Amino acid sequence: MSTRSLLWFRKGLRVHDNPALLRACDGATSVMPVFVLDPWFMSPARVGGNRVRFLLESLRDLDASLQQRGSRLLVVHGDPTKVIPVALQKWQCTRLCFELDTEPYALIRDAEVRERANANHVNVHAPSSHTLYDMDCLLAKCPNSSPPTNYATFLKLAASLGSPAKPVPAPASIPGTIDGDIAELVALLGDVCTGHGVPTLEELGYEPIAENEGFPARGGETEGLRRLRETLSERTYVAEFKKPSTNPTTLWRPLTEAFGGSKIEPKPPANPFEAAKRKGADGKTNSKTTKDTLMAPATTALSPYMKFGCVSARTFYHELHDLLRELKGAHSKPPESLEGQLLWREFYYLCAFGTPNFYKMEGNRICRQINWTWDQERLEAWENGKTGFPWIDACMKQLKKEGWMHHLSRHAVACFLTRGDLFVHWEAGAAVFDRELVDADYALNNGNWMWLSCSCFFYQYFRVYGPVSFGKKWDKNGDFIRKYLPVLKVRIGRFPNHK
DNA sequence: TTAGAGTTGATTTT
DNA sequence: AAAATCAACTCTAA
């Protein structure tokens with residue numbers, strides 16, 4: 001009997017390290033890769049334009065990668081809890097594969113779809129590949145199924161499971177999609193499907209964003225892996241990486257310049273043919289030609305690729321570890337190191353998975369109950385960059401414009417909104433970040449807001465980021481605040497050309 | 001019960 | 001640039 005697989009993409013927008021993809025292909029006569037875009041959810045009130053643009057770019061890249069392997073991506077518009085069950089039935093699929101998603105809304109959505117699939121005798125496979133470890137495995141190791149609320153304990157817990165699984169390879173080819181043209185297949189879905197194809201921003205009701213505006217890196221697996229490998233080729237940068245000492249006011253600039261060039265020479269390849277490929281006729285590396293178009297801040301800017309699963313955490317981890325092994329211990333260590341960042345992500349994912357109501361204060365057992373205000377005037381001033389503190393306002397303008405802020409900027413504005421100055425509820429700030437950030441992630445966003453508001457994880461509430469002093473410490477010449485608050489470019493006084 | 005630790009403060013001193 | 005000081009929180013491990 002022939003097997004037709006429906007491969008449902010949600011996060012995990014990649015062909016490398018994609019166990020659900022391999023499972024869909026295994027012994028199948030045809031595989032139908034689908035992404036369900038819900039236009040009701042993808043609206044300016046819920047998701048910022050920068051993140052939508054990144055998603056659309058990622059979908060186009062995924063489609064191209066699938067086409068290279070003899071397949072293609074079908075983007076269907078509608079509610080996935082309706083579209084997927086109907087598609088399984090109308091397309092006569094016997095197998096449903098998707099990457100496990102541990103966010104609460106996703107667990108509810110997927111339970112509904114699983115139930116419908118099981119009722120129709122469809123085999124469902126949902127492997128864990130968004131995180132380094134399977135969250136169920138990690139949680140099983142926690143006393144009373146309560147994840148640790150400090151990082152050191154988490155590290156021990158993770159270490160007890162050994163090294164994360166190695167990434168699985170991308171398939172060289174994928175069984176063809178179901179016969180028939182796209183319009184016919186879509187028509188079979190009836191009115192649960194309101195359209196198909198990758199839409200434009202405008203079609204979703206967004207203002208267009210010019211190519212050189214907004215978030216300065218393009219979405220997708222191809223670009224994500226390229227940036228990962230460029231980053232890892234900067235051996236000094238990786239070896240010395242300490243998150244707290246990266247400069248939040250560094251403007252986006254070409255990646256080579258951003259990462260300062262490798263002082264530590266790469267290990268010469270063992271294979272002489274490989275060496276010949278890497279060196280041009282003039283003895284210089286060939287990679288320079290493409291580097292100039294990659295823009296980067298002080299950090300790696302890989303988080304949006306992690307959020308959408310364009311880059312696999314396990315691929316990142318193991319490729320990073322290959323380099324760390326070569327460096328023989330001469331590198332920074334968690335919590336501050338690059339590896340430490342991947343483990344922070346894992347830490348928050350586990351906390352979010354093991355804590356009911358992680359996204360809010362009430363009913364959240366790890367969250368301190370505080371009588372925050374919901375003062376609209378303060379909240380709006382903060383959100384719109386009108387507090388009167390140039391450092392805070394510049395950060396918020398950057399968020400709205402680019403969908404991006406450096407990690408420490410996020411700390412500064414979150415501290416300012418909550419315990420530091422305005423005493424507004426952290427949930428209000430988290431909602432703004434959740435909408436605007438290109439890399440907004442349920443576990444990381446809520447976890448960090450609890451951290452910064454001293455609601456959980458961190459409790460030294462007398463340590464406050466000065467809304468003037470902290471920015472001044474990094475932005476000595478005021479270049480950052482002038483870029484995002486152009487009104488400050490105008491110098492008032494007798495010496496308009498004063499430098 | 002208590003000592004020690006905690007990714008990323010600000011300011012002053014060396 | 002790095003270390004000491006300031007003032008002082010809560011949680012974990014012993």
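Throughout, protein chains are lettered first and strands after them, A, B, ... in sequence-line order, and every chain is numbered starting at 1. These numbers were taken from a predicted model, which means no experiment stands behind them.
Scanning for side chain to side chain donor-acceptor pair (under 3.5 Å) contacts around A:D441 gives A:Y349, with sequence neighbours left out.
Inspection of the A:S303 and A:D439 side chains reveals an N or O donor paired with an N or O acceptor under 3.5 Å. A donor-acceptor contact under 3.5 angstrom links the side chains of A:N448 and A:Y348, judged on distance only. Between the side chains of A:N150 and A:T153, a donor-acceptor pair is found at a separation under 3.5 Å.
Proximity of the aromatic rings of A:F457 and A:F347 is defined here by a centroid distance below 6.0 angstrom, and this criterion is met. Residues A:F9 and A:F35 keep their aromatic ring centres 6.0 Å or farther apart. For A:Y105 and A:Y442, the ring centers sit 6.0 Å or farther from each other.
Residue-environment remark: CD (A:Q369) exceeds the threshold of 12 foreign heavy atoms within 6.0 Å. Heavy-atom neighbours of A:K333 NZ from other residues, nucleotides or ligands within 6.0 Å: above the threshold of 12. Crowding of A:K400 atom NZ: a count of heavy atoms from other residues, nucleotides or ligands under 6.0 Å exceeding 12.
Of the residues in residues 323-338 of chain A, none has a non-hydrogen atom less than 4.0 angstrom from any atom of DNA chain C. Annotation: proximity of residues 236-253 of chain A to DNA chain B (heavy atom, distance under 4.0 Å) is found for A:K243, A:P244, numbered in ascending order.
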Contacts under 3.5 Å, N or O only, protein and nucleotides 11-14 of chain B:
none

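Every stem involving DNA chain C, taken as at least 3 paired positions in a row under the Watson-Crick or G-U wobble test at 3.5 Å, is listed here: B:1-6 with C:9-14, B:9-14 with C:1-6.
Across the P atoms, B:dT7 and C:dC6 are found 24 Å apart, a figure rounded to whole Å. Comparing the C1' positions of C:dA8 and B:dA5 gives an interatomic distance of 14 Å, to the nearest angstrom.
Figure legend: A:R10 and A:W8 shown as a cation-pi pair, the cationic atom lying under 6.0 angstrom from the six-membered ring centre and within 45 degrees of its axis. A cation-pi arrangement is present between A:R410 and A:W404, with the terminal nitrogen or guanidinium carbon under 6.0 Å from the aromatic centre and inside a 45° cone about the axis.
Here B:dT8 presents its P atom at 7 Å from OH of A:Y465, a figure rounded to the nearest Å. When rounded to the nearest whole Å, the span between CG of A:L452 and C1' of B:dT7 equals 12 Å. The separation between A:H407 atom NE2 and B:dT8 atom P is 10 Å, rounded to whole Å. Rounded to an integer number of Å, the gap from CD of A:E346 to P of B:dT7 is 17 Å.
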The contact string for nucleotides 4-14 of chain C, one letter per nucleotide 5' to 3', using protein heavy atoms under 4.0 Å with B, S and - for base, sugar-phosphate only and none, comes out as ---BBBSSS--

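A donor-acceptor pair is defined here as one N or O able to donate and one able to accept, closer than 3.5 Å; no such pair exists between the side chain of A:N445 and the backbone of A:A440. Between the side chain of A:N18 and the backbone N or O of A:A170, no donor-acceptor pair lies under 3.5 Å.
Taking the six-membered ring where tryptophan is involved, the planes of A:F470 and A:Y465 are perpendicular, since the angle between them exceeds 60° and thus also 30°.
The residue A:G340 sits apart from the nucleic acid: no heavy atom pair falls under 4.0 Å. Nucleic acid contact class of A:F457 (heavy atoms, under 4.0 Å, all strands): none. Within the 4.0 angstrom heavy-atom criterion, base atoms lie near A:W451.
Here the options are A:T299, A:N247, A:T246, A:T250, the test is side chain to side chain donor-acceptor pair (under 3.5 Å), and the partner is A:H406; only A:T246 passes.
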